[in-house]
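This report concerns only the one structure given below.
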Amino acid sequence: MNNLSIRVPYVTRVEGHGTIAVDLKEGKLIKSVLEIVEPPRYFEAMMKGYLYTDAAVISSRICGICSVGHQITSVKATEKALAFDVSDQTVTLRKLLVYGATMQSHILHIFFLAAPDLFSAPSVIPLAKTHPETIKMALRMKRLSNDICDIIGGRTIHPNRLVPGGFTKLPTREQLLWIKDKLENQMVPDAKTSFELLKSLADKFPAFSRETEYIGLKTDNEYAFYDGDVSSTDTGLTPEKDYLSITNEFVVSHSTAKHAKHKRSSYAVGALARLNNNYGKLNPLAREVADALGMKPIVANPFLNTVAQLIETIHVTEESIKILDTLLTTGIKAERPFVPAKLHEGTGVGCTEVPRGILFHEYTYDNRGRIVKANCVIPTNQNAQNIDDDMRELVPWMIANNFDKDKMTLTLEMLVRAYDPCISCSVHFLDVKYVE
Amino acid sequence: MSSKAIAREKIPDAVSLLKAKYRVIAPVPKGKTFVFKKIGNPQEVVLDYNTTILPLKKFFLPPDEVIVKYNLKKREYQEPEIESEPTVFFGIHNYELQGILRLDYAFGTGVKDATYLKKRENNIFIGVTYTPDDYHFAESVGIPTDLKEGFDIFLTKYNGHYRVEALTDKGKNIVSQWSEFLEDCSYDGDPVVHFKNKLKQSVAGIREIFHGAYNHPVWKETSKKCYSCGTCNLVCPTCYCFDVSDEVVLGTDQGARSRRWDSCQILGFTEVAGGEAFREKRYDRVRHRMSRKFAYIMDDRDRPFCVGCGRCIRQCTADISITDVMNALL
Amino acid sequence: MEAKNIYVPEVADIIRIERMTELETFYDIKLPGGRDLGHEPGQFVEVSVFGIGEAPISVSSSHLKKGSFEMVVRSVGNVTQAMQKLKAGDKLGIRGPFGHGFKTKDFEGKDIVIIAGGIGLVPLRSLINTIIDPAERKKYGRVIILYGSKTKEEFLFRNELETWESRNDIEYHVTVDRKTSGWNGNVGVITTLIPDLKLDLHNTIAAVCGPPIMYKFVILSLRSKGLKDNQLYVSLERKMKCGVGKCGHCQINNIYVCQEGPVFNYAYIEDLKEAI
Amino acid sequence: MGKPKVAFFDFTSCEGCQLSKLNLENDLLDILELVDIVNFREAISNHGEDYEIAFIEGSISTPHCVERIHKIRRQAQIVVALGSCAHIGGINAIRNNMDQDEVREAVYGNDKYLFPSIKAQAVSDVVKVDYVIPGCPMDNQEFKRVLSALLTGKIPEIPEYSVCAECKAKENECLYDYGVVCMGPITRAGCRAACPTNGHYCYGCRGLVPDLNKNAAKDVMEKYKLSIDQIKKRFYMFNTNYVNMEEKSYE
Ligand SMILES: Cc1cc2nc3c(=O)[nH]c(=O)nc-3n(C[C@H](O)[C@H](O)[C@H](O)COP(=O)(O)OP(=O)(O)OC[C@H]3O[C@@H](n4cnc5c(N)ncnc54)[C@H](O)[C@@H]3O)c2cc1C
Ligand code: SF4
Ligand code: SF4
Ligand code: SF4
């Protein structure tokens, strides 16, 4: 195969608008990129002048899919900037919320966005007919993770209980007991079934691999989601406040989303990157599943991000049960909502592992609590260059393995989908200057 | 008959006993304020409270209530089941019950509304005295704190005790079951209370004043502050206007027609096809609400449809006060 | 306190349906067993369409008509649009009749002027068909019908209009706001028909129904002719959600239109600031 | 009658409304029985161009969006705008108050003069919209109600009254009692007072009530110590396109 041109306009089953463009001329790969064509959204500029109480409300709208992550990261950045005290209870509940959001996002991706490829179906709709039990199970799992978000965050999309300092309303003991019961007696068995299913489909993932730099949060005592230092498989730990030295965002012409790089030409974030950094801290069942699926670091096949998501789903289920036990023993204490901040100038960085990778928010406030400067670095931006780099190796690999054009197209789509990119999120910024 | 009293600490025991036979509704704290709620734990009950957010009407005219059910396929209409569990309303202020009596008038005269009246069966009211706060003005509308009309039992607070008066046979029956909690009462008479929020003039003659005040400047003045959110209507014990809408449960043949609290402060309240609204100006609506209470609707004893609970003043974020407006008219 | 649910409609059959104009549709409705509705002219019913909702609609036929009753509905919104799509044989929910209509007993021996603007003819037709019924006609004096419509295309009950015009015991005058091709009659709003009327001022009553803005002008005009307030009857439209004096929407100052109206003697509501 | 063909399209938005539909886990399978989904980029790969009902998410914010929405309007019999972005421009419209030249440069760089400046607009600013489901995100229960209405041939109605009405019906403590400024009194209801019920101020995502008394609202907010500048910002958060805070309102 010497000449080839592939265009997948509006890649489906991803969040937001992206186009795959691959051009091969006389055996030379001249283009292999994910073009991001989503209209830019200018969030950082729009937030300017708003009060610290509004930061999370606005930044949440960067992305509805990742709104829990954006809000948590946003309030953490504000709390750092304005020196809030945050109770242990708040932190625990926020973790529970992050876990709930992670579950819901991973389940959505595994079953509704990625699975159709594994079953060679165009979407989940025919699967509802051919595999009704699986789909019912997936819906049940997704509902439960949404229920967790509803109970802790008020609602799943753009939660309405998170404010700097804590929660405006707390869950009741009965609700927490309910979650725990459902996790133990419904989620765990369903997750095991999902594992069996994925195992049986293992050969459907292309056996491609390309090692890159894997970046994820890391802490001493747990598989990091809520906070930690920034950890790289190449360079070790960096404190969160120095995140810019990691992300180094830059602009490319084919994308309304910025790209990022650290030590190599690109790096990866997300479930696989987290697993590569945190494997040792997996909870027992998750560890068992990881081992059974051969997911031991360094896993360098990007298609296996979906598998890493399942392992994480199991891990956060176990983790949630653990922290619920603690919460239920100590009991939920009423906290006074709406504690106004003591206003002063300040800058703060917040970072969280959201389903698709590390999310950073940084705000600078003036002495009246108004945003002077905001910066958000989003996982999909961090992955963008890595996706392009993967494609550059994947195309020759596919040619070497005699893929026809249709199969190539599908595999490219599968690659993009494997990253579960959130393109809506990635176009949040203002200062694009096109450079060639 | 020598009178009896119950010590405050014994109240939960008395409530427990009631719970064995009745659904008990009583005030409980909610944050900084109070709400009427079905009692689970008798310790929750508070008798020292100013006012609840919503009046008791929520039990008889719920915010959203199915009035007709139907089946799309079978083409038939059905009456919804209406529950009328035997219920004790415990710790009720007298203006609150006066509100219910006004609703009884609205739903029980003219065409009788069974959907409402059914729920008024099997009710027992146990009243309690209260200390008026900055918003109450019940006395000005003819409801002094010692008015016991409608109650089966009335509790009068004194020194950590409540004097227990059984006013009806139902009340006597309940009091007889409380005997082990009761002691002799050393207090007779009724507490003298002072209302801070008052009308310049008592309600007698107020109807004429309102009828003559159609073009008074106070309506326009007040309407400048009002953003027609409707809170004043919804929290009022005597406002009962409702809207009606139909809904079919997605993917089924089950339909329901419901009524939902409505507010005459909203422009669309009077709007008909063609876009004509009969109280188009905001001041038309402000005037209508207040006039309705004091001039347009009176019960059979010519008492106004305001019981002076002060909820509409307390809960108006724009600080519009019905007593201020009336004092401007008087 | 025994009472029954007043909101549950009775299921009735549409036995005939006919499109009258682009917006208005005629319905002939049969109650279970062909029972009479038992209304007086000017009263209304609450009509339910399954799954959609309920709307107050005037009865357009005379109570003298047996076995079924008639309505004409203008399609303006939810219920009325859905009604337009129904067919003969379909079912509707009916509650009523409600309110107070025209007390024809009081009209006996008198000259009657009927002034109908647009769809206002619909409720007035029940009055007209009562007093012009051959068996009843002699109970009343002159019958004068003034009818105004936007254009001739919007005329309702065209066959009946022709009959009224041709009967010499009815004085029928019609006008349109706007002339369209083929119209040779009066052009102008309905009030332009009033000055030419020769009336026996002591023995005439007038019945008026039309769009909200019409009343003010018609009443002014009738008064300036010398009719007294208590000789005027108006049928008023208000928003209504229950039909039984509870929901509050139709309230004009201290009266409920669905209870005391929709037909009022003008002297009774003259002082109500929000009535006209 | 066959199953109605339904398409979902997304424009400039956070895609929360799309997800919101996928969060109807308990009803999804039933919905699939009632309608044929022919286009839903986020969830399915096939695109059908033959549909009767088009649900639109997102605001119209580029010339390309304008072209696309016109095409959809030509095809669809019924167009429903979903969520704040589509209904009122929503949060995207905050930027409409920013220097448009700067914004344009941001989008098109050196090519900025090739394109007319385009603000983030509601769908109804560009094409006729038949019905709306407001909210950020749209409330999926309301989506169900609207879908049910469309399937029964009923006009889906949205409330005209304020969020306070729903807040009161839920017997919430008013946030103003805690000194928190809430947009509930002037925001169109229908969310069942989602935010105040969870203790968070309402930010007006469902659009302002049709009969707005802006000055009264401003006075109350001022009384609760929000500066004029912040009051404006609060109004503009979701409602930039529908309120001009520079101009005095009438009674
Ligand atoms: C006593 C009475 C008799 C009537 N007789 C007839 C008749 O014979 N023929 C006829 O076509 N119409 C009649 N109407 C008007 C008819 O009731 C309304 O057009 C109808 O209720 C509109 O309902 P809808 O569901 O189709 O419209 P909706 O979708 O509910 O609303 C469309 C518009 O109508 C307004 N509206 C809603 N409810 C009413 C209401 N109850 N009355 C008036 N406007 C309303 C709404 O505010 C909106 O502006 C009568 C009204 C009354 C009060
Ligand atoms: S008008 Fe106001 S004070 Fe009077 S009863 Fe109603 S809410 Fe209470
Ligand atoms: S909290 Fe907000 S929505 Fe609720 S009553 Fe108060 S102002 Fe209205
Ligand atoms: S309370 Fe306000 S901000 Fe929250 S969903 Fe409702 S309208 Fe939107």
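Chain naming here is simple, since letters A, B, ... match the order of the sequence lines and numbering starts at 1 in each. Treat the numbers as computed from the prediction; the structure is a model and nothing was measured.
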State, with a plain yes or no, whether a side-chain heavy atom of [X] is found less than 4.5 Å away from one of [Y].
X      : Y      : answer
A:L51  : D:L226 : yes
A:K142 : D:N23  : yes
D:L19  : A:L108 : yes

Listed by residue number, which members of residues 147-155 of chain A have a heavy atom under 4.5 Å from any heavy atom of chain D?
A:G154, A:R155
Side chain, backbone, both or neither: which part of [X] has a heavy atom under 4.5 Å from chain A?
X      : answer
D:A194 : both
D:L29  : side chain
D:C136 : both

Is any NZ, NE, NH1 or NH2 atom of the basic residue among A:E44 and D:R95 found under 4.0 Å from an Asp or Glu carboxylate oxygen of the other?
no
Of the non-hydrogen atoms in [X] and [Y], which two are nearest, and what is the gap between them?
X      : Y      : result
D:N198 : A:R161 : OD1-NE, 2.6 Å
A:C63  : D:C14  : CA-CB, 3.6 Å
D:E15  : A:I65  : O-CD1, 3.7 Å
D:Y236 : A:Y50  : C-OH, 3.8 Å
A:T168 : D:H200 : OG1-N, 3.9 Å

Please state whether the side chain, the backbone, both or neither of [X] comes within less than 4.5 Å of a heavy atom of chain D.
X      : answer
A:T53  : both
A:T156 : side chain
A:D54  : both
A:R370 : side chain
A:K136 : side chain

Hits for ring-ring contact (aromatic ring centres under 6.0 Å, His included) against D:F238, two or more places apart or cross-chain, chain-then-number order -> D:Y203
Is it true that, when you exclude D:K71 itself, more than 12 heavy atoms of the residues, nucleotides or ligands shown sit nearer than 6.0 Å to its NZ?
no
Count the heavy atoms belonging to other residues, nucleotides or ligands that lie under 6.0 Å from CZ of A:R7, then report whether that count exceeds 12.
yes
Roughly how far, to the nearest 0.5 Å, is [atom2] of [Y] from [atom1] of [X]?
X      : Y      : atom1 : atom2 : answer
D:L24  : A:R143 : CG    : CZ    : 8.0 Å
A:M46  : D:N92  : CE    : CG    : 6.0 Å
D:L28  : A:L139 : CG    : CG    : 6.0 Å
A:K129 : D:L32  : NZ    : CG    : 7.5 Å

With sequence neighbours excluded, give me every ring pair (Phe, Tyr, Trp, His ring centres under 6.0 Å) pair touching residues 141-160 of chain A.
none
Among D:C205, D:S227, D:G16, D:P137, who wins on heavy-atom pairs under 4.5 Å with chain A?
D:P137
Between D:K233, D:R234, D:M237, which residue shows the highest count of heavy-atom pairs closer than 4.5 Å to chain A?
D:K233
Contacts satisfying salt bridge (charged side-chain N to carboxylate O under 4.0 Å, His left out) that involve residues 189-198 of chain D (not counting sequence neighbours) are D:D139-D:R192
